[in-house]
Amino acid sequence: MTAEEYYQLGNDYRRQGNYQAAANAYLEAISLDPDSPAVHAKQMIDDIMNYYNKDAYNP
């Protein structure tokens, strides 16, 4: 697969809410093309996965 195909696959996973699979696809795209738009998309996925809102956390 090409970097563009991995990027598109990552976008499909992201739309489905499967952020871990999206991140993996973006990483593959980045490994093939370090200038891919997947770099920005991967950063967004990381931000989503690392988001913590203590006010919304209610054990």
Side-chain angles (χ1 to χ4, degrees):
M1 289 178 62
T2 67
E4 178 64 23
E5 290 170 328
Y6 276 116
Y7 173 66
Q8 293 302 327
L9 181 63
N11 288 341
D12 291 341
Y13 283 133
R14 181 184 46 79
R15 283 187 211 102
Q16 296 169 8
N18 189 347
Y19 297 122
Q20 188 59 53
N24 291 337
Y26 291 145
L27 284 173
E28 286 293 330
I30 294 166
S31 71
L32 295 172
D33 179 10
D35 296 323
S36 169
V39 173
H40 181 67
K42 173 69 168 73
Q43 182 59 50
M44 289 189 312
I45 291 293
D46 288 343
D47 290 344
I48 289 168
M49 293 176 71
N50 292 325
Y51 179 74
Y52 174 74
N53 182 349
K54 67 179 177 129
D55 295 330
Y57 183 69
N58 189 7

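What you see is a predicted model; the values in this text were computed from it and never measured.
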Discussion item. Applying side-chain hydrogen bond (donor to acceptor under 3.5 Å, both in side chains), can you list everything that pairs with Asp33, at least two apart in sequence or on another chain?
Written reply: none

Practice prompt. Supply the atom-to-atom distance Asn50 CG to Gln43 CD, rounded to the nearest 0.5 angstrom.
Written response: 8.5 Å

Worksheet entry | Partner residues of Asp46 under the salt bridge (charged side-chain N to carboxylate O under 4.0 Å, His left out) criterion, sequence neighbours left out | Lys42

Discussion item. For residues Tyr13 and Ile48: do they belong to one hydrophobic cluster (side chain heavy atoms under 4.5 Å, members Ile, Leu, Val, Met, Phe, Trp, Tyr)?
Written reply: no

Worksheet, complete the sentence: Across all chains, not counting sequence neighbours, the side-chain hydrogen bond (donor to acceptor under 3.5 Å, both in side chains) partners of Asp35 are none

Worksheet item: Which heavy atom of Tyr7 sits nearest a heavy atom of Tyr26, and at what distance?
Response: O-CE2, 3.5 Å

Worksheet entry | Under 4.5 Å side-chain linkage, directly or through intermediates, the cluster mates of Met44 | none

Worksheet item: What are the two closest heavy atoms between Ile45 and Ala22, and how far apart are they?
Response: CD1-CB, 4.3 Å

Worksheet entry | Pairs where residues 12-28 contributes a residue and the test salt bridge (charged side-chain N to carboxylate O under 4.0 Å, His left out) is met, not counting sequence neighbours | Asp12-Arg15

Worksheet item: Is Leu32 linked to Leu9 within one hydrophobic cluster, defined over Ile, Leu, Val, Met, Phe, Trp and Tyr using a side-chain heavy-atom separation of less than 4.5 Å?
Response: yes

Worksheet entry | Straight-line distance of Tyr6 OH to Ser36 OG, nearest 0.5 Å | 12.5 Å

Worksheet item: For Asn18, which residues count as a side-chain hydrogen bond (donor to acceptor under 3.5 Å, both in side chains) partner, sequence neighbours excluded?
Response: none

